[in-house]
Amino acid sequence: MDPVEVDKKDNVGMKFAEDENGKSMDVDIVNLAAESSDESVEIGHIDRRKIITIANEDFVQVAEQEGDNPIELPAEEDGTLLLSTLQAQFSGSCGLQYRNMDTKAVRGIRSNQDRLFPPNGASSWGENVYFCVFPKEIKRKRDDDLVSTAVKAKRIESGRCIDLIVLGLSWETTENRLRKYFQKYGEVTMANIKTDYRSGHSRGFGFIRFASYETQKLVLSTSRHLIDGRWCEIKVPNAKGNNTSNKVFVGRCTENISSNDLREYFSKFGEVSDIYIPQPFRAFSFVTFFDADVAQSLCGEDHIIKGVSVNVSNAIPKHDQYNQYRGSRSPVEQSFNY
DNA sequence: GTTGAGCGTT
């Protein structure tokens, strides 16, 4: 083949080159002609297939979120990544970021129209793992979709009452006012306003629960509710996942819910083998059943014990859920979590 | 002491 010229101006490794057909390619100058100090370097002695291989080697490692497993996306011959290539794998993504290991800060990737450019003006994407940027609305939607849409649907179609979240409450609205407002639809079994634990002030949302499924359906069919002069939204709250163990985590316990209360309450679902309440008080407990199916059937549900809405979920601690999700812990290992 | 999309203080 004919000699190929490589432009060495302000290069730090990878620069563009053209083969004899005028096709641009990436060539690693440091590896190919390290000793040359000319402005351009002849690399005609290099086998063309090898150059093509080098040229085709630039894949960009992209993950949906930081920490996710990356997918390798092919860069274009000029080193850029087409937005369409990115979006083919990550629908809705509009850009890329990566973690700068020196500064620990997240860096944005330059983009122009339909192309994304490698960082630092280089022509290589290097070994960085890049993660997607989504427009704000889509990111929110994604959480909604992936985290809980299926679970939500299951919960609402189950025919049972669940806690409903009320968003957009006035800072002034009290639990009594909330209860009073919704009582006109049917019997309310629980009303709760979430407050800032320091100031005690409302955080502007709360939860409500009805005695009958019919009432719940009726209330949910009207999404806008005028409460204390503000239009509020009532929705099925986001839920958590499932469980395979015979032990469940009971969250949002209050200090007056005793071991006996828990045993008495949960015994109606199946034989309880153990109750564990951490001391000092930590607002959760564990209930173990003889039958794992009973435990499983309760997961994701809210139950009212002594007027308090507690939440039943899987008994796997938060810091292990990542590994659990990745399947890197065996069920045997998981059983030794506590 | 402020606020106005969200997801249940330990």
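Please read these numbers as outputs of a predicted model, since none were measured by experiment.
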What do the steps show when you test F284(A) against F249(A) for ring pair (Phe, Tyr, Trp, His ring centres under 6.0 Å), and what is the final call? CA-CA 7 Å; F284(A) 63 84; F249(A) 175 93; 5.0 Å; yes

My understanding is that only residues two or more places apart in sequence, or in another chain, count here; which of them pass side chain to side chain contact (heavy atoms under 4.5 Å, CB included) with S273(A)?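 By the side chain to side chain contact (heavy atoms under 4.5 Å, CB included) rule, S273(A) matches T288(A), F290(A).
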
By nearest atom, which of the nucleotides dT3(B), dC7(B), dT10(B) is closest to the F281(A) side chain?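 Closest of the options to the side chain of F281(A): dT10(B).
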
Taking only the side-chain heavy atoms of D302(A) (C-beta and beyond), determine which of dG8(B), dG4(B), dT10(B) contains the nearest atom.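 Of dG8(B), dG4(B), dT10(B), dG8(B) is nearest to the side chain of D302(A).
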
Any idea which heavy atoms bring Q216(A) and I162(A) closest together, and the distance?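 Minimum heavy-atom contact is OE1-N, 2.9 Å.
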
In whole Å, what is the span from the [atom1] atom of [X] to the [atom2] atom of [N]?
{"X": "E172(A)", "N": "dT3(B)", "atom1": "CD", "atom2": "C1'", "answer": "12 Å"}
{"X": "I162(A)", "N": "dC7(B)", "atom1": "CD1", "atom2": "P", "answer": "16 Å"}
{"X": "W171(A)", "N": "dT3(B)", "atom1": "CH2", "atom2": "P", "answer": "8 Å"}
{"X": "I304(A)", "N": "dG8(B)", "atom1": "CD1", "atom2": "P", "answer": "18 Å"}
{"X": "I165(A)", "N": "dA5(B)", "atom1": "CD1", "atom2": "C1'", "answer": "11 Å"}
{"X": "I234(A)", "N": "dG8(B)", "atom1": "CD1", "atom2": "P", "answer": "17 Å"}
{"X": "I257(A)", "N": "dG8(B)", "atom1": "CD1", "atom2": "P", "answer": "18 Å"}
{"X": "L178(A)", "N": "dG8(B)", "atom1": "CG", "atom2": "C1'", "answer": "13 Å"}

Does Q183(A) CD have over 12 foreign heavy atoms under 6.0 Å away?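 Yes, enclosed.
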
Select from L169(A) and D163(A) the residue whose nearest nucleotide in DNA chain B is closer to the 5' end of that strand.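 Its nearest nucleotide being more 5', the pick is L169(A).
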
State the OG-CE distance between S309(A) and M190(A), to the nearest 0.5 angstrom.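 Separation between the atoms: 4.5 Å.
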
Give me the residues of residues 186-209 of chain A where at least one heavy atom lies under 4.0 Å from an atom of DNA chain B, by number, or none.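 Heavy-atom contacts with DNA chain B come from K194(A), Y197(A), R203(A), G204(A), F205(A), F207(A).
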
Once ring-ring contact (aromatic ring centres under 6.0 Å, His included) is applied, what residue pairs with a partner in residues 81-111 of chain A remain, sequence neighbours excluded?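 Qualifying pairs: Y98(A)-Y130(A).
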
Note: E66(A)-R99(A) ion pair, threshold 4.0 Å (strictly below):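 The answer is yes: the pair qualifies as a salt bridge.
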
